[in-house]
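To start, the structure under review is shown below, and the notes come after it.
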Protein chains: 2
Amino acid sequence: MSDTLSAGQALGNHLYKEVKHKILESLRTGEWKPGEVIPSEKKLGERFAVSIGTVRKAVDELSAENVLIRQQGRGTFVASHGRGKYFFSFFHIVRQDGLREFPSVELIDFARGQADPAAAAALDIHPGDKVWRYTNLLSLQDQAVILDEITVPVELFPRLSERVLRERRSTVYQLYQEHAGVNVIRTRERVRATRADGARARLLRVPVGHPLLLVVRIARSFKERAVELRHSYVNTDRHEYAVDLLGDEA
Amino acid sequence: MSDTLSAGQALGNHLYKEVKHKILESLRTGEWKPGEVIPSEKKLGERFAVSIGTVRKAVDELSAENVLIRQQGRGTFVASHGRGKYFFSFFHIVRQDGLREFPSVELIDFARGQADPAAAAALDIHPGDKVWRYTNLLSLQDQAVILDEITVPVELFPRLSERVLRERRSTVYQLYQEHAGVNVIRTRERVRATRADGARARLLRVPVGHPLLLVVRIARSFKERAVELRHSYVNTDRHEYAVDLLGDEA
DNA sequence: CAGTGGTCTAGACCACATT
DNA sequence: ATGTGGTCTAGACCACTGT
């Protein structure tokens with residue numbers, strides 16, 4: 001059928017919001033996949049029967065939300081994980097002198113289990129639902145710095161396995177994307193100070209009781225579905241958690 | 001003289017950026033003060049000799065950066081601290097159940113001193129320059145939760161005093177604004193886990209050695225001048241540090 | 001070169017707030 | 001009723017990217 005909108009411009013609607021939702025729809029159905037170009041703004045305008053300015057406003061927002069990436073002269077692309085500085089939108093640990101480095105990752109543990117009530121609430125699933133639980137140890141300059149304890153619903157990633165996680169060379173969000181078509185674009189994090197217990201102290205090579213940062217992250221796709229629950233234990237002796245607010249251009 | 005722009009539209013410039021800078025100029029010179037309305041978009045368009053659309057794009061950015069606040073039907077206002085939810089753009093500690101509360105503040109200490117090298121580097125001043133140092137204890141529901149150790153250049157706040165800090169009823173950023181015309185609009189924060197030492201443990205009523213969150217914040221005005229250096233020690237037994245990334249509307 | 005996103009215009013109409 | 005910001009249009013030209 002036609003994608004043409006209902007011309008409901010005069011109503012309480014916002015045409016560009018409808019356009020935005022149509023675009024998100026096409027992203028969800030997989031018509032345009034991560035890394036691909038979407039049609040030009042002119043063509044989108046024709047398809048949705050709106051002016052280019054309206055398409056631009058919709059794409060403006062999606063681009064501000066990192067769902068789409070514009071490149072002048074080339075086109076507009078569906079955001080994709082793994083490459084370049086986009087990685088650091090989801091990796092906030094920096095060295096205390098400010099240097100940002102890519103971590104090396106070691107899979108410590110992988111298991112299938114059931115969601116406890118807290119995890120279920122965080123992931124919008126039912127207690128007892130099947131989940132994968134796995135643990136990564138992240139090192140920066142050969143120093144173990146971060147312990148990631150990750151929980152994801154089996155339902156979303158039916159084919160996940162220890163092998164897939166071990167053999168990957170990409171980031172896990174890239175893996176989620178390629179493996180299951182799940183595109184993480186938003187996270188919510190809560191940070192506390194805690195103490196290293198025995199097992200975690202051993203892995204991070206700190207004394208038991210050493211202060212650690214605990215970052216609890218919930219990752220979401222297209223601002224709705226909760227995709228991953230992650231507990232990150234961070235040794236902040238030489239690194240820190242960085243937050244820059246309201247930082248655009250000059 | 002005229003504010004009219006050089007009509008350099010065809011050049012490598014961006015007209016709306018020039019408009020944006022003109023607006024920032026008027027903010028810096030104090031032509032429009034925090035809390036006041038600025039002229040309507042139509043009038044700004046006439047004044048700068050550009051179309052309304054161009055003014056809108058400039059105001060769009062300033063509004064996204066929290067420098068200006070738009071209110072439909074009323075006008076566009078210069079951002080001002082203290083009121084409403086804007087406060088929480090700069091206050092990231094929430095109760096573990098997610099509730100956001102306003103803290104009550106107690107001034108613990110106030111002194112004049114000299115910037116040590118680290119503080120000087122953070123504040124873009126010279127080591128040895130005069131600074132104010134003061135300490136606030138923030139409580140949520142009658143529980144001491146945050147210890148703020150704050151350093152600001154005397155140069156920026158020549159008339160700051162213990163009395164002014166004690167007698168204020170507003171937030172300190174509101175005070176900076178009213179007292180010295182300094183408008184904080186951007187912060188950068190670095191978070192680490194640490195242990196409570198004797199003095200801080202006593203104030204926060206936790207055992208010595210208790211894990212605390214240490215948040216180091218540098219606050220800036222109009223994205224250039226470093227205004228304040230703040231070390232916040234947070235007891236995260238019942239509260240946590242909240243970060244929401246890429247969260248606009250629905 | 002053709003095609004893309006980026007900027008700018010001039011005017012229309014809407015939704016909202018104030019008088 | 002008036003004035004404000006918010007949305008939408010239709011078309012022009014620019015800057016950049018690829019062929």
Side-chain angles (χ1 to χ4, degrees), chain A residues 4-23 32 35-79 248-250, chain B residues 3-23 32 35-79 84 248-250:
Chain A
T4 301
L5 300 170
S6 51
Q9 162 203 354
L11 304 170
N13 305 337
H14 297 293
L15 236 199
Y16 78 91
K17 294 267 182 199
E18 293 188 45
V19 171
K20 186 177 166 186
H21 282 132
K22 292 271 183 188
I23 294 174
W32 310 316
E36 292 181 3
V37 226
I38 70 171
S40 77
E41 300 184 342
K42 186 159 172 293
K43 280 182 186 148
L44 288 175
E46 289 164 7
R47 167 162 165 179
F48 299 134
V50 299
S51 82
I52 282 191
T54 303
V55 171
R56 280 191 65 77
K57 182 124 194 209
V59 175
D60 277 350
E61 288 199 356
L62 290 167
S63 160
E65 292 165 13
N66 284 329
V67 176
L68 298 177
I69 314 276
R70 286 212 260 227
Q71 292 193 41
Q72 179 168 155
R74 305 222 310 135
T76 300
F77 297 78
V78 183
D248 301 32
E249 30 57 80
Chain B
D3 269 320
T4 300
L5 299 169
S6 51
Q9 163 204 355
L11 303 171
N13 306 338
H14 297 293
L15 236 198
Y16 79 91
K17 293 266 181 200
E18 293 187 46
V19 172
K20 185 177 167 185
H21 282 134
K22 291 269 184 191
I23 294 174
W32 309 316
E36 292 181 3
V37 226
I38 70 172
S40 76
E41 301 183 341
K42 185 158 173 293
K43 280 183 186 148
L44 288 175
E46 289 163 6
R47 167 162 167 180
F48 299 134
V50 298
S51 82
I52 282 190
T54 303
V55 171
R56 280 190 65 76
K57 182 126 193 206
V59 175
D60 277 350
E61 287 200 355
L62 290 167
S63 159
E65 292 166 12
N66 285 328
V67 175
L68 298 177
I69 313 275
R70 286 211 259 226
Q71 292 192 41
Q72 180 168 153
R74 304 222 312 134
T76 300
F77 298 78
V78 183
D248 301 33
E249 30 56 80

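What you see is a predicted model; the values in this text were computed from it and never measured.
Phosphate contact (OP1/OP2 of C:dT7, side-chain N/O of B:Lys57, threshold under 4.0 Å): present. For D:dT9, the OP1/OP2 oxygens have a side-chain nitrogen or oxygen of A:Thr54 closer than 4.0 Å. For D:dG3, the OP1/OP2 oxygens have no side-chain nitrogen or oxygen of B:Ser40 closer than 4.0 Å. Between B:Arg70 and the phosphate of D:dG6, there is a side-chain N or O to OP1/OP2 separation shorter than 4.0 Å.
Separating the CG atom of A:Leu15 from the C1' atom of C:dA12 is a distance of 15 Å, rounded to the nearest angstrom. A:Leu62 places its CG atom 15 Å from the C1' atom of C:dG5, with the value rounded to the nearest Å. Going from atom NZ of A:Lys42 over to atom P of D:dC13 covers 16 Å, rounded to whole Å. As rounded to whole Å, 9 Å separates atom P of C:dT7 from atom CG of A:Asp60. Rounded to a whole Å, the CD1 atom of B:Ile52 is 11 Å from the P atom of C:dT9. Taking atom CG of A:Leu44 as the reference point, atom P of D:dT9 lies 14 Å away to the nearest angstrom. Going from atom CG of A:Leu68 over to atom P of C:dG6 covers 11 Å, rounded to whole Å. Here the C1' atom of nucleotide C:dT9 and the NE2 atom of B:His14 are 17 Å apart, to the nearest Å.
Nearest nucleotide to the side chain of A:Tyr16, out of D:dC8, C:dT9, C:dG5: D:dC8. For B:Gln72, taking side-chain heavy atoms from C-beta onward, the closest of the listed nucleotides D:dC8, D:dG5, C:dG5 is D:dG5.
With B:Glu41 as the partner, the salt bridge (Lys or Arg N to Asp or Glu O under 4.0 Å) test is satisfied by one option alone out of B:Arg47, B:Arg70, B:Lys57: B:Arg70. Among B:Thr76, B:Leu62, B:Val78, the one residue that satisfies the side chain to side chain contact (heavy atoms under 4.5 Å, CB included) test with B:Ile23 is B:Leu62.
Checking A:Arg74 against A:Gly53, the closest nucleotide of DNA chain D that is more toward the 5' end is the one next to A:Gly53.
A 4.5 Å side-chain heavy-atom check between A:Lys20 and A:His14 finds every atom pair outside the cut-off. Side-chain contact between A:Leu44 and A:Val19 is absent, with no heavy atoms from C-beta onward closer than 4.5 Å.
Counting all heavy atoms, side chain and backbone alike, B:Arg74 lies closest to B:Phe77 at NH2-CZ, 3.7 Å.
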